[in-house]
Amino acid sequence: MAFSLSLPRLREPSVLPGFWPALGFTVSYLSLIVLIPLAALIARPWEHGGAEFLHTVTDPRVLASLRLSFGAAFLASAINLVMGLITAWALVRYDFPGRRLLDAAVDVPFALPTAVAGIALATLYAPNGWIGSLFAPLGVKIAYTPLGVLIALVAVGLPFIVRSVQPVLQDLDAEVEEAARTLGARRWQTIRQVILPAVAPALVTGFSLAFARAVGEYGSVIFIAGNMPMKSEIAPLLIIIELSQFNYAGAASVGLAMLILSFIALLAINIGQLLFLRRGKR
Amino acid sequence: MTDKKLNLNRRTLIAAAAGGAASLAAPAILRGQAQAAEPVTLLNVSYDPTRELYKAINIAFAKTWKGRTGQDVTINQSHGGSGAQARSVIDGLQADVVTLALAYDIDSIADRGLIAPNWPSRLPDKSTPYTSTIVFLVKKGNPLHIRDWADLIKPGVQVITPNPKTSGGARWNLLAAYAWALRQPGGNANSAKAYIGNLYKHVPVLDSGARGSTTTFAERGIGDVLLAWENEAYLSLAEFPGKFDIITPSISVLAEPPVAVVDKVVDKRGTRAVAEAYLNFLYTPQAQDIIAENHYRPRNAQSLAKYGAGFPKLPLADIDADFGGWRKAQATFFADGGLFDQIYKPG
């Protein structure tokens, strides 16, 4: 893959005609689906002035909820980075009975309404649930604490990592690993210097997707979080709370703050990826 | 055209969503009594725990209306958190009538011009055909000896109540607790606020609606006391026989869930006559009996006497007399920076 940092020419040569219709379609489609709703969100918080916006987003409770939403999303994606890679590896490299079934099960969180996932998790991890009752005697509470938020975000984020990494692993011939072995690489060296660089871009993509999804996740979290202000209240819930008070500007303020933070986080991830690729090419 | 009209009547919601309702509804004004035989639909947008109540009411009303006018009426129900339901109506949900948890939510709709501002005086009893109150649901045998509001803040007691920002029932819960604290010896605004702050320290989970809290308490086994609508508490007793007891505190609040016709919608759809008849029906002895059977407190004295055993008498704080009306209560307790926000201020 060639990466060019110079400005792209407006019209890339292609054997297929239709650059302008394709561009026109893309722009109008994106406008309808993404750009216009986002513009509306950005326009909304200012009806009571910039000071009010700042006042809203620096409220300790809003800050606590942003910290929880972004912190838990980052942590959950990091956990999924490791567990998802292992899962993808197992599904690609080994053949075992039930592999296809497991493979299909990875997608279940995509298909399930998030509320259903949330209720199922809350039932399992509540102090009287199957898993929760194992931890309760140890004094560990999972459901209705920030730990519950983390569990829900791990659950919704897993398929993003697995599905991003899987095709790359599939393309990576086992022979490459064998070649590394015959050239004298130790197991750890093979993983670190042969496999990881190859799957790194896919891992970053999966991480970004899982992170973005987890930051905005509402349905599955709300049933297991406990929703206590300053403790287990996620930012999307604060938006709903503002809306239920008919405070549209306040809701949009929290929304805009999330948008800005997400943008910064995703930008940082992408810059990190770019630097990593450059280093790899040296 | 005939086809289109039939379509409108049967599937009004879809037609309305498609935006075609306005043009197609024009002939509806002429309909009235003359074309009474044509079936009509109403949409009743209500709050969370009224599902069972309105299911029963709707059957009875359809029968009565058919007998009186010969017209078939189908009433569709929509349920959810009271505030969220009000917002849906404001945002364009074509509700013919709203039957919500508290007057403030209907006021909010009225503020946007969808309902005439004098709506509370259009029907008897401030447009609240039934009342309810807030009681405690505890585990069978009441192992922690919860008797009154004072017991809720004893060490180790956990209380389940939804978030008053999103749940109408939760607002009544908080007001009931506040009213009790205010009426204690030496009680004043400061001591009542301190009690509320203390009470919410005993709340481990804030669900967004009354049903969510009932689930958390009854099915997940979280907490020792559920603050619940009286009718919701009775439903839980029926749902989980032998697991829970209802405790009536020394003081509670007179919860008045009001009803109103949405003027803008019924005038557009030509359903005013049937919508008003529907709400008036709620005050008839027949409907009042159904209301009592569903554990709401009927306004009608005979119905109340008939089902009196389920409705213990207790002093009830009044939203207008004790709290200066819903608008004031909303601003004092639940708006941004109100009492509920203050008790969660860190430090």
Side-chain angles (χ1 to χ4, degrees), chain A residues 48 52 55-56 59-65 67 115 118-130 132-133 136 141-145 148-149 218-219 221-234 236-251 253-254, chain B residues 80-91 101 104-105 107-109 111-112 158 160-168 170-171 200-209 211-213 215-223 330-331 333-338 340-347:
Chain A
H48 303 306
E52 184 61 35
H55 182 254
T56 303
D59 180 83
R61 203 169 140 194
V62 175
L63 288 179
S65 75
R67 210 175 301 132
I119 291 169
L121 287 172
T123 312
L124 269 182
Y125 288 92
N128 66 355
W130 283 2
S133 61
K141 278 195 276 185
I142 300 175
Y144 313 115
T145 67
V149 178
Y218 177 77
V221 177
I222 221 65
F223 293 96
I224 196 174
N227 308 322
M228 299 305 293
M230 307 298 300
K231 271 186 265 169
S232 51
E233 190 175 51
I234 55 169
L237 174 64
L238 269 186
I239 295 180
I240 300 279
I241 287 176
E242 292 293 349
L243 279 178
S244 61
Q245 305 178 119
F246 310 105
N247 183 1
Y248 292 80
S253 300
V254 181
Chain B
S82 190
Q85 292 290 78
R87 206 175 62 251
S88 302
V89 174
I90 290 169
D91 291 342
Y104 178 77
D105 288 329
D107 278 337
S108 302
I109 303 173
D111 286 347
R112 272 106 182 140
Q158 288 199 320
I160 302 297
T161 172
N163 189 335
K165 295 273 193 173
T166 48
S167 157
R171 285 180 220 175
Y200 278 86
K201 285 205 179 72
H202 289 255
V203 177
V205 179
L206 283 174
D207 286 288
S208 59
R211 275 283 150 93
S213 281
T215 306
T216 298
F217 180 74
E219 290 184 28
R220 309 264 182 272
I222 307 278
Q330 179 72 24
F333 292 93
F334 308 116
D336 269 340
F340 183 72
D341 280 345
Q342 291 164 29
I343 64 174
Y344 279 111
K345 276 274 178 292

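Proteins get letters first, then strands, A, B, ... in listed order; numbering begins at 1 in each.
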Based on non-hydrogen pairs under 4.5 Å, which of B:Gly83, B:Ala84, B:Ser108 is most in contact with chain A? B:Ser108
Salt bridge (charged side-chain N to carboxylate O under 4.0 Å, His left out) partners of B:Arg211, counting only residues at least two apart: B:Glu52, B:Glu232
Looking at every non-hydrogen atom in both residues, tell me the closest pair between A:Leu243 and B:Arg87 and how far apart they are. O-CD, 3.4 Å
Rounding to 0.5 Å, atoms CZ (A:Arg61) and OH (B:Tyr344) come to a distance of 8.0 Å
With a 3.5 Å distance limit and no angle check, can you tell me whether A:Asn128 reaches the backbone of B:Arg220 through a side-chain donor-acceptor pair? yes
Counting only heavy atoms closer than 4.5 Å, note whether B:Tyr104 contacts chain A via side chain, backbone, both or neither. side chain
Side chain / backbone / both / neither for B:Asp111 at chain A, heavy atoms under 4.5 Å: neither
Going by distance alone, is a donor N or O of one side chain under 3.5 Å from an acceptor N or O of the other, for B:Asp336 and A:Asn247? yes
Name the region of A:Ala122, side chain, backbone, both or neither, that has any atom closer than 4.5 Å to a heavy atom of chain B. both
Per-residue contact mode, A:Tyr248 against chain B (heavy atom under 4.5 angstrom): side chain
Part of B:Ile222 within contact of chain A (heavy atom distance under 4.5 Å): side chain
Assert top hit (heavy-atom pairs under 4.5 Å, partner chain B, pool A:Met228, A:Lys231, A:Lys141) equals A:Met228
So CD1 of A:Ile240 and CG of B:Asn163: to nearest 0.5 Å the spacing works out to 11.5 Å
Which portion of B:Gln330 sits near chain A, non-hydrogen atoms under 4.5 angstrom: neither
From A:Ile222 atom CD1 to B:Thr166 atom OG1, the distance as rounded to the nearest 0.5 Å: 9.0 Å
Rounded to the nearest 0.5 Å, what's the gap from OG1 on B:Thr216 to CZ on A:Phe223? Could you check? 9.5 Å
A:Leu237, part contacting chain B, at a heavy-atom distance under 4.5 Å: neither
